[in-house]
Amino acid sequence: MFYTFTVLLDRVPTDDEIEAGMRTPTGVSGIDDDPPAATMSVDEVSSWSEAFAAGVAEAEELGVRVIGFAHDADDDYVSEEDLAVRFGFSEQYVLELATDVVGPGGFPPRATSGDDSPLGYWRWGPVREWFREHFGSEVADRFDREIDAAQVVKAR
């Protein structure tokens with residue numbers, strides 16, 4: 001499976017560290033300065049915990065220390081692929097849910113740009129709440145529990 005997530009760092013990486021990170025198997029796809037963070041993509045692992053472990057190991061090999069995982073349900077954006085991974089469904093099924101082809105209907109709308117045109121992703125918070133209402137908390141909260149577990153493991 002393919003996973004994308006953001007790790008919080010102890011400092012902003014240097015230009016050389018950023019360049020090296022973009023060549024790693026995990027791959028750093030973005031750096032934020034405030035707070036220091038790196039968006040990472042991990043492929044060919046079977047769970048979030050494996051993805052987090054690979055991402056942390058690679059970030060720390062570059063010389064920066066991972067101090068946590070960034071996760072804000074209100075600011076987190078997700079694609080069909082992200083939702084499929086988080087809920088354990090196929091991308092096709094997620095797209096069919098989102099377009100009311102299957103399921104109970106009323107899926108949250110996609111995020112919009114400044115001119116109100118729809119973007120290619122959704123806000124995580126409303127989608128998670130929709131899944132909680134229609135599929136139960138076990139499915140809806142799986143990703144958040146894995147993020148919380150990764151925080152606890154990283155804190156040790």
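Bear in mind that the values here come from a model prediction, so they are computed numbers and not experimental data.
- Screening residues 92-108 for side-chain hydrogen bond (donor to acceptor under 3.5 Å, both in side chains), with sequence neighbours left out, gives Q92-E96.
- Contact between T6 and A37 at its shortest, heavy atoms only, is CG2-CB, 3.7 Å.
- Proximity of W124 to D82: side-chain heavy atoms (C-beta onward) are nowhere separated by under 4.5 Å.
- A donor-acceptor pair under 3.5 Å is formed between the side chain of E60 and the backbone N or O of V66.
- Of all heavy-atom pairs spanning H134 and P104, the tightest one is ND1-CG, 3.3 Å.
- For the pair R128 and E133, the salt-bridge criterion is not met [side-chain N within less than 4.0 Å of a carboxylate O].
- Here the straight-line distance linking atom CG of L8 with atom CZ of R65 works out to 11.5 Å at 0.5 Å rounding.
- What you find for R110 and L119 is that their closest heavy atoms are CD-O, 3.0 Å.
- Across every non-hydrogen atom of P108 and P126, the tightest pair is CG-O, 3.5 Å.
- One distance of note links CD of E91 with CD of E81; it measures 5.0 Å at 0.5 Å rounding.
- Using a 4.5 Å heavy-atom cutoff, the side chains of L97 and V102 are in contact.
- With sequence neighbours excluded, the residues forming a ring-ring contact (aromatic ring centres under 6.0 Å, His included) with F107 are W122, W130, listed by chain and number.
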Go through it in stages, so that I can follow the logic: the residues are L9 and I67, the test is side-chain contact (heavy atoms from CB on, under 4.5 Å), and I'd like the CA-CA distance, side-chain angles, deciding distance and then a yes or no.
CA-CA 5 Å; L9 305 172; I67 60 173; 5.9 Å; no
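- Applying the salt bridge (charged side-chain N to carboxylate O under 4.0 Å, His left out) test to residues at least two apart or on different chains, none of the pairs has a partner in residues 112-121.
- The two residues A84 and S90 have their closest heavy-atom pair at CB-C, 3.8 Å.
- When the side chains of ILVMFWY residues are joined at heavy-atom separations under 4.5 Å, either directly or via intervening members, F135 and V94 end up in a single hydrophobic cluster.
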